[in-house]
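Right, one structure below, let's go through it.
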Amino acid sequence: MDFRTRCARGAGVVDDVGRPLAPPIVTASTFAFSSQEDVETYYTSGRGWLYSRYGNPTVRAAERLLADLEGAEEAALFSSGMAAISTTVLALVRSGERVAAQRELYGGTVGLLRDVLPSLGIETTWLGLDEITSLAPDRLAGCRLLWVESPTNPALRILDLAAAARTARAAGVLAVVDGTFATPALQQPLAMGCDLVVHSGTKYLGGHGDLTAGAVAGRRDLVDRIAASRRALGGIADPFAAFLLQRGMRTLAVRMEAHEQGASAVARALQGHPKVRRVHWPGLCDHPDHALARRQMAGFGGMVSFEVEGGAVEAERVHDRLRLFAKAASLGGVESLVSIPARVSHRGLDPAELERSGVSPGMLRLSVGLESPKDLVADLLEALG
Ligand code: PLP
């Protein structure tokens, strides 16, 4: 064959890859078949690979690991947490049906439910965290999903997930939990009766702030429907991100322990400081949901929020004086981050919505990383000055 053809054909893959202990990154967008009969077998059996928007071996490796960690029959990976959330809603809710949603949700999810879905005929019934567990089933009339989040962002309230799942079941509604802050290391929503758990994999699952991904895990029939919509909507994870995600998940257990150690030291140092009005961390005995968190979770997590005396002005001063905490959105990575929720993650909410979500102007949110807790505490005390 001509040089030009040999270049274009490439060398193909090495047949015998041995037994690599880390999954190979398969970047191919398309996969070859040996005959049309093979193509037909792919369609009839649902096994094998045709096109990476439909499914990909590297993506599959991460899905398998997440399903295992969640105790789920099946998991599906997405290009972001919001792709997982939007595809899940669009796959399961039809025009004319409603979503029931906890008010204290990540701002992006609020935006989807409030600003995007009404134009498709999907309206939301908003519920306070404290009313969800004792809800009369008729409050969920016409709803297809009950969408909840625990711990909440940024107020770190805890919802009784077993009770929420019972409420949903009594009304014939599917219970979906955003478990991003807890991860399966600290919380197992499916074992508590919830139907699906979603994640921003960008956060603790990836764990290094170097990828954007999302996931949903749960019953096979539901995840299969969501994966079918993923094909049409196009939001599957990229193989590089999937590779990094599974690599991150392999250290999830030990990372979550270290995040919690740091958060505990930080929360206890802030509590009682004369310039701090209130500390939100479910591991503190005076947190309103401490007993529930102790019962429902295997740990209290690495997120800490606190409110300073002096409101927005003082919050900005402390924020700007921090040196070890990077001033950045997102969470769950190796390095510690700080943000002012009212002006970053919850910027799109009006004052009434902010208050309902437990976000005050003087609140700072910390994602406690893997640095020495002693250094983090010193930085905070210095910034509070
Ligand atoms: N859910 C929660 C609780 C989040 O904090 C975020 C992002 O901050 C998301 C979902 C959305 O995830 P992503 O940014 O990966 O789309």
Side-chain angles (χ1 to χ4, degrees), residues 62 66 70 75-90 99 101-116 129 145 147-159 161 176-187 189 194 196-217 226 230 233-238 240-242 244-245 248-249 259 280 282 297 301-305 326 328-333 337-349 357-359 363 365-368:
L66 180 65
E70 289 287 2
L77 228 63
F78 290 84
S79 55
S80 69
M82 285 314 301
I85 291 169
S86 54
T87 307
T88 298
V89 176
L90 291 172
V99 176
Q102 175 186 322
R103 275 202 190 94
E104 303 83 349
L105 289 182
Y106 165 62
T109 312
V110 172
L112 173 74
L113 295 170
R114 187 193 57 193
D115 304 333
V116 179
L129 178 133
L145 302 180
W147 197 282
V148 299
E149 195 175 301
S150 186
T152 64
N153 175 18
L156 300 165
R157 292 290 312 276
I158 309 292
L159 175 70
L161 294 177
V176 188
V177 185
D178 185 330
T180 297
F181 274 37
T183 81
L186 305 186
Q187 174 174 286
C194 298
L196 291 167
V197 55
V198 300
H199 290 284
S200 167
T202 316
K203 311 298 185 323
Y204 288 110
L205 293 184
H208 295 73
D210 55 6
L211 66 91
T212 304
V216 59
I226 296 163
R230 180 181 67 177
L233 295 167
I236 196 170
D238 174 84
F240 280 115
L244 288 174
L245 188 71
M249 285 192 284
H259 284 301
H280 305 265
M297 300 174 73
M303 299 299 296
V304 178
S305 295
S330 200
L331 59 112
L337 309 179
V338 60
S339 66
I340 298 177
R343 298 171 69 181
V344 184
S345 56
H346 291 63
R347 201 181 175 91
L349 273 58
S357 300
V359 183
M363 182 186 264
R365 189 189 80 176
L366 305 175
S367 169
V368 178

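For ligands, and for the atoms within them, numbers begin at 1 and follow the listed sequence.
With sequence neighbours excluded, no residue forms a ring-ring contact (aromatic ring centres under 6.0 Å, His included) with H199. For T212, the side-chain contact (heavy atoms from CB on, under 4.5 Å) partners at least two apart in sequence or on another chain are S80, T202. Not counting sequence neighbours, the partners of V344 by the side-chain contact (heavy atoms from CB on, under 4.5 Å) test are A329, S339.
No more than 12 heavy atoms of other residues, nucleotides or ligands shown are found within 6.0 angstrom of CZ on R343.
Put simply, CE on M82 and OG1 on T109 are 4.5 Å apart, with the number rounded to the nearest 0.5 Å.
Around ligand 1, the residues contributing at least one heavy atom under 4.0 Å from the ligand are S80, G81, M82, I85, Y106, E149, N153, D178, T180, F181, S200, T202, K203, A213.
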Show, in sequence, the C-alpha distance, side-chain angles and deciding distance for S150 and Q102, and conclude whether the side-chain contact (heavy atoms from CB on, under 4.5 Å) test is met. CA-CA 10 Å; S150 186; Q102 175 186 322; 5.8 Å; no
